[in-house]
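Okay, structure first, notes after.
Every value quoted in this text rests on a predicted model; they were computed, and no experiment measured them.
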Amino acid sequence: MNRLLALVAAAVLAGCASTAPAPATTPWLDAQFQHDAALVTVTAQDLFRLDADLEQRLAEPNVREVFKDVRLRRVVDIIFGADRKGFAYRAGHSTVAADTWRDRAGDCLSLTVLTYAVAKKIGMSAVMQEVQTPAVFGRSGQLDVVNQHVNVLLPSARSDFLVSDPWGHDVVLDFEPDFATARRGTQLTEPAILARFYNNVAVEHMARGDARMAYAHFKAAILSDPGYVSPYGNLAVLYRRSGHEQEAESLLRFAVGLGGTSDVALHELHRLLRDQGRVGEAADVQRKLEARQAADPYYWMSRGLQQIAANEPRRAISSLQRAKDLAPTFAEVHRYLATAYIQSGDVQKAREEVALMENLGGPLNKVAVLRRKLDQAERPPQ
């Protein structure tokens, strides 16, 4: 079961999601993929519609007719339970708000949609936001998937029952067990979150080999939020699988031109050029990738996490120290470093990183977990 994390937000949002237009010459392949817009059955209304039972509970006077900080307490109690363990975190499958409530499980997007819809229903201000985290590449068949992260910010919620920091008034509700963060994010509109839902559904269809359904949902994602980079790169993968290399390259170059924080489109463009034997062009893209990665703390965090998972603590410490040099105020860098030091047996260094993490406002439950591990590491063998 996942524990809901509530964190004080240190700053206002970075801004709204991109609304850049799709390329005028988007290489749609409707005929080849037998496109039918009716294959996409979830609308924006469907995504945010609440279950009737939940709506009834939210209409009760002890929820609606109280001060906003108490109202937030009641809402969190209803949805997540008094112990904040009412929902299981289920990665890799996004659901609409009503299904998330009925299933009592969801990924970060599903739980974000549910929480946002509940807040709106009772008249609370809520903002969905996308936050940068270390890139964690999953493998689904032959598909590389990079997990992106969203959560909910509640401006001026003043929920001291959830956090103890006296300087904070905005609260972030975060559901991801590993990458919860209170750092500023990019505000997402409802069409932008719908695009991310469509993209996730499309990836699931592509992993199952259903190219027609994947194409329909990738196209719906692009039309819903043309400035969202991920569906262009994912659609390019689908095109390559179907032998449409030229159209795939066009999509990838457009995605790279959109910019953003993800290197996935650059990775895929490098792979395409390399596979086609275009050595000089592939080398140019590789140099761009390496330059971006050298200055990106999230890249080094990602490498460190992979090395921890591979039980290579010394290499992980080296990578995470690079991340720490680039972003010393990121609490999660110190958390990952502490984990690597514990794995290496250096308890003193781990304690120093835990102390830095706590001073920077890292999640208290993660601090407690690390301290328990440190106590166990120092306990003499029986």
Heavy-atom closest contact (Ile342 atom, Ala350 atom, distance): CG1-CB, 3.7 Å
If we ignore angles and hydrogens, is there a donor and acceptor under 3.5 Å between the side chains of Glu204 and Asn200? no
Sub-3.5 Å donor-acceptor pair from the side chain of Gln343 to the main-chain atoms of Ile308, do we have one? yes
Tyr232 and side chain to side chain contact (heavy atoms under 4.5 Å, CB included): which single residue from Leu251, Val256, Asn199 fits? Leu251
Quick one: does Tyr215's side chain have a donor or acceptor within less than 3.5 Å of a partner on Asp30's backbone? yes
Kindly give the heavy-atom pair with the smallest separation between Ser224 and Pro191, and that separation in Å. OG-O, 2.7 Å
Spacing of Gln307 atom CD and Ser318 atom OG [to the nearest 0.5 Å]: 7.5 Å
Is there a side-chain contact between Ser344 and Ile317 (heavy atoms, below 4.5 Å)? yes
Assess the residue pair Leu47 and Ile193 against the criterion (side-chain contact (heavy atoms from CB on, under 4.5 Å)); give the C-alpha distance rounded to whole Å, side-chain angles, the decisive distance to 0.1 Å, and a yes or no. CA-CA 9 Å; Leu47 182 63; Ile193 206 79; 4.1 Å; yes
What heavy-atom pair brings Ala97 and Leu114 nearest, and what distance separates the two atoms? O-CD1, 3.8 Å
Summary of salt bridge (charged side-chain N to carboxylate O under 4.0 Å, His left out) pairs that have at least one residue in residues 39-53, sequence neighbours excluded: Asp46-Arg49, Asp51-Arg102
Nearest 0.5 Å please: distance from the CD atom of Glu247 over to the CG atom of Leu252. 12.0 Å
Ser242 and Gln32: side chain donor to acceptor below 3.5 Å: no
Derivation of the side-chain contact (heavy atoms from CB on, under 4.5 Å) call for Asp225 and Arg196: CA-CA 9 Å; Asp225 182 8; Arg196 283 150 180 79; 3.2 Å; yes
Test item: Arg212 side-chain N/O and Gln34 main-chain N/O as donor-acceptor pair under 3.5 Å: yes
Any Val285 side-chain heavy atom under 4.5 Å of Leu273 side chain: yes
Kindly indicate whether the side chain of Glu245, heavy atoms from C-beta on, has any atom under 4.5 Å from the side chain of Arg240. yes
Using a 3.5 Å distance criterion without hydrogens, assess whether the side chain of Trp300 forms a donor-acceptor pair with backbone atoms of Gln293. yes
Do Arg292 and Tyr299 form a cation-pi contact, if we require the NZ or CZ to be under 6.0 Å from the six-membered ring centre and within 45 degrees of the ring's axis? no
ring-ring contact (aromatic ring centres under 6.0 Å, His included) partners of Tyr239, counting only residues at least two apart: Phe33
On a heavy-atom basis, the closest approach of Ala327 and Val333 is O-CG2, 4.1 Å
In the single-linkage hydrophobic clustering (I, L, V, M, F, W, Y; side-chain heavy atoms under 4.5 Å), do Val347 and Leu356 co-cluster? no
Mind running side-chain contact (heavy atoms from CB on, under 4.5 Å) on Leu50 and Trp101 for me, showing each step along the way? CA-CA 8 Å; Leu50 294 173; Trp101 169 254; over 6 Å; no
Thr112 side chain to Cys108 backbone, donor-acceptor under 3.5 Å: yes
SB check Arg335 Glu353 (cutoff 4.0 Å): no
How many angstroms lie between atom NE2 of His217 and atom CE of Met213, to the nearest 0.5 angstrom? 4.5 Å
Would a hydrophobic clustering, with Ile, Leu, Val, Met, Phe, Trp and Tyr connected at side-chain separations under 4.5 Å, put Val237 with Val229? yes
What distance separates Thr100 OG1 from Leu111 CG, expressed to the nearest 0.5 Å? 6.5 Å
To the closest 0.5 Å, what do you measure between CG (Leu305) and OH (Tyr298)? 12.5 Å
Given the rule that I, L, V, M, F, W and Y join up when any side-chain heavy atoms are under 4.5 Å apart, are Leu223 and Leu258 in one cluster? yes
Given 3.5 Å as the limit, does a donor-acceptor pair link the side chain of Asp103 with the main chain of Ala105, or not? no
So do the side chains of Glu190 and Leu194 get within less than 4.5 Å of each other, counting heavy atoms only? no
Validation row: Arg303, Arg315 side chains within 4.5 angstrom (heavy atoms): yes
Salt bridge check, Arg351 against Asp375: does any charged N sit closer than 4.0 Å to a carboxylate O? yes
Chi angles and distances behind the side-chain contact (heavy atoms from CB on, under 4.5 Å) call for Val96, Val42: CA-CA 8 Å; Val96 301; Val42 174; 3.8 Å; yes
Does any non-hydrogen side-chain atom of His93 lie less than 4.5 Å from one of Asp107? no
So that I can tick it off, tell me whether Glu281 and Arg253 are bridged by a salt bridge, with the cut-off set at under 4.0 angstrom between side-chain N and carboxylate O. yes
Nearest-0.5 Å distance that lies between atom CD in Gln286 and atom CZ in Arg274: 9.0 Å
Is there a path of hydrophobic side-chain contacts, each under 4.5 Å between heavy atoms of I, L, V, M, F, W or Y residues, that connects Leu39 with Tyr198? no
Cluster question for you: counting only ILVMFWY and a side-chain heavy-atom cut-off of under 4.5 Å, with indirect links fine, are Leu337 and Met357 together? no
Any side-chain to backbone donor/acceptor pair from Ser110 onto Thr95? Under 3.5 Å, distance only. yes
Kindly indicate whether the side chain of Tyr116, heavy atoms from C-beta on, has any atom under 4.5 Å from the side chain of Val150. no
Check: Tyr336 ring centroid to Phe330 ring centroid under 6.0 Å: no
Pairwise side-chain contact, His205 with Arg208, heavy-atom cut-off 4.5 Å (strictly under): yes
Test: Arg287 and Glu290 ion pair at under 4.0 Å: no
